[in-house]
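See below for the structure under consideration.
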Number of protein chains: 2
Amino acid sequence: MEVTHEDFKKVETAINDVKEEGRQIRSIFEGYSDENFGIDWEVDAAVDAFSIFSSRWTIEILATLYIAGERRFNEMRKLLRGISSRTLSDKLTKCAESGLVERIVEDGPPVRVIYRLTDHGRDAGRLLGPLVAYMKIHQDRVVRHSQ
Amino acid sequence: MEVTHEDFKKVETAINDVKEEGRQIRSIFEGYSDENFGIDWEVDAAVDAFSIFSSRWTIEILATLYIAGERRFNEMRKLLRGISSRTLSDKLTKCAESGLVERIVEDGPPVRVIYRLTDHGRDAGRLLGPLVAYMKIHQDRVVRHSQ
DNA sequence: GTATCTAGTGTATAAATTGCACCATAGTGT
DNA sequence: ACACTATGGTGCAATTTATACACTAGATAC
């Protein structure tokens with residue numbers, strides 16, 4: 001996808017700002033490193049923080065709902081090409097249990113079910129956004145308009 | 001882990017700034033939505049961008065090297081409590097292949113191997129940092145110092 | 001000779017994921 | 001009446017991925 005010089009620059013700047021915030025956060029936490037809360041604790045906490053994202057499809061489901069807004073079951077299945085309905089069903093249940101996603105049933109028939117990010121899920125999506133943008137640029141999927 | 005009011009506020013502010021950058025990036029990309037680069041393309045691109053992270057342990061390895069700095073094989077195994085040496089070996093190979101991690105062999109004996117983030121890996125780590133911090137606060141693993 | 005340190009590999013087992021058929025419910029078409 | 005559509009899933013066998021744990025190699029120390 002080609003974007004204007006101006007927009008490319010805006011995105012680049014935003015990504016660089018986020019890198020800087022990341023650096024700052026790291027530097028603050030480093031100051032608390034002691035015998036109780038050392039590297040081991042930090043790594044543990046990070047692994048724990050990611051435990052919900054670190055199995056296949058969860059992070060993709062989050063990104064999909066963040067990008068596409070609320071969607072129904074079969075719409076998601078279509079967007080996430082390659083996921084089986086079984087896995088999608090299981091993962092959505094997990095996402096709902098962990099408070100990232102809300103499941104809204106609309107009476108039918110046919111009964112329709114809408115999945116939507118909770119505030120927590122939307123926050124996570126926004127925090128993930130800069131990384132996605134960075135990877136898109138890194139993989140040349142987003143390029144500066146030639147000329 | 002308890003942090004001072006001041007540091008807690010700094011981290012909170014950084015996280016909120018990142019959310020705002022995420023919102024801005026989203027809003028820029030939304031402007032390019034058309035028949036060629038619609039929701040489908042965006043979701044595809046996001047799934048693709050995450051493909052390296054979306055199997056177990058890859059994101060944890062990245063976070064570990066980001067937090068702990070360069071480490072040797074058995075040090076990482078100790079930090080990532082629960083990973084098998086087989087899986088760690090396979091995942092490190094994948095991370096190296098995808099350019100996130102650098103494998104540096106120091107002549108022995110015994111031969112020592114150091115794993116270190118590449119610039120690309122460090123960028124990804126920094127971009128991931130705010131999300132990790134947000135999750136740590138959300139899970140009350142990082143709290144404001146009482147009083 | 002035996003033990004120790006390093007960074008892994010081999011392999012059987014367990015867990016996660018997929019593919020595909022299938023279910024219930026109600027509406028529409030012929 | 002009968003088939004076909006659409007909805008959101010389940011059930012289950014097969015495949016892929018991860019784990020546990022024994023084991024390797026090369027060199028030094030005891």
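Residue numbers start from 1 in every chain, and the chains themselves are labelled A, B, ... in the order their sequence lines are given, proteins ahead of strands. As the structure is a prediction and not an experimental result, all values here were calculated from the model.
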Query raised in the report: Can you tell me if B:R122 and B:Y66 form a side-chain donor-acceptor pair at under 3.5 Å?
Result: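 There is no such pair between these side chains.
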Taking the side chain of [X] as its heavy atoms from C-beta onward, which of [options] lies nearest to it?
X: B:R103; options: D:dG9, D:dG8, C:dA7; value: C:dA7
X: A:I83; options: C:dT18, D:dT10, C:dT6; value: C:dT18
X: A:Y115; options: D:dG9, C:dT6, D:dC12; value: D:dG9
X: A:V113; options: D:dT19, D:dT7, D:dG9; value: D:dG9
X: A:S84; options: C:dA7, D:dT7, C:dG19; value: C:dG19

Do [X] and [N] have a side chain to base donor-acceptor pair shorter than 3.5 Å?
X: B:S55; N: D:dT17; result: no
X: B:R86; N: C:dG8; result: no
X: B:S85; N: C:dT9; result: yes

Requested in this report: Take A:R72 and A:R56, find for each the nucleotide of DNA chain D with the closest heavy atom, and name the residue whose nucleotide sits nearer the 5' end.
Outcome: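 It is A:R72 whose nearest nucleotide is closer to the 5' end.
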Query raised in the report: Just checking A:D90: base, sugar-phosphate only, or nothing, at a heavy-atom cut-off of under 4.0 Å?
Result: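 Result for A:D90 = nothing.
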Report task. Using a 4.0 Å heavy-atom cut-off across all strands, classify A:R77 as base, sugar-phosphate, or nothing. Result ->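 Touches nothing.
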Requested in this report: Considering just the side-chain nitrogens and oxygens of A:W57, establish if one lies under 4.0 Å of OP1 or OP2 belonging to C:dA16.
Outcome: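 Result: no.
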Query raised in the report: Is A:K91 near enough to C:dT17 that one of its side-chain N or O atoms lies under 4.0 angstrom from OP1 or OP2?
Result: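 Yes, A:K91 has a side-chain N/O under 4.0 Å of OP1/OP2 on C:dT17.
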Query raised in the report: Does the pair A:E42/A:R26 count as a salt bridge with the N-to-O cut at 4.0 Å?
Result: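 Yes, this pair counts.
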Query raised in the report: Would you call A:R23-A:E20 a salt bridge at under 4.0 Å N-O?
Result: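 A salt bridge links A:R23 with A:E20.
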Query raised in the report: Nearest heavy-atom pair of A:K136 and B:A45: which atoms, and what distance?
Result: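 So the two residues come closest at CE-CB, 3.8 Å.
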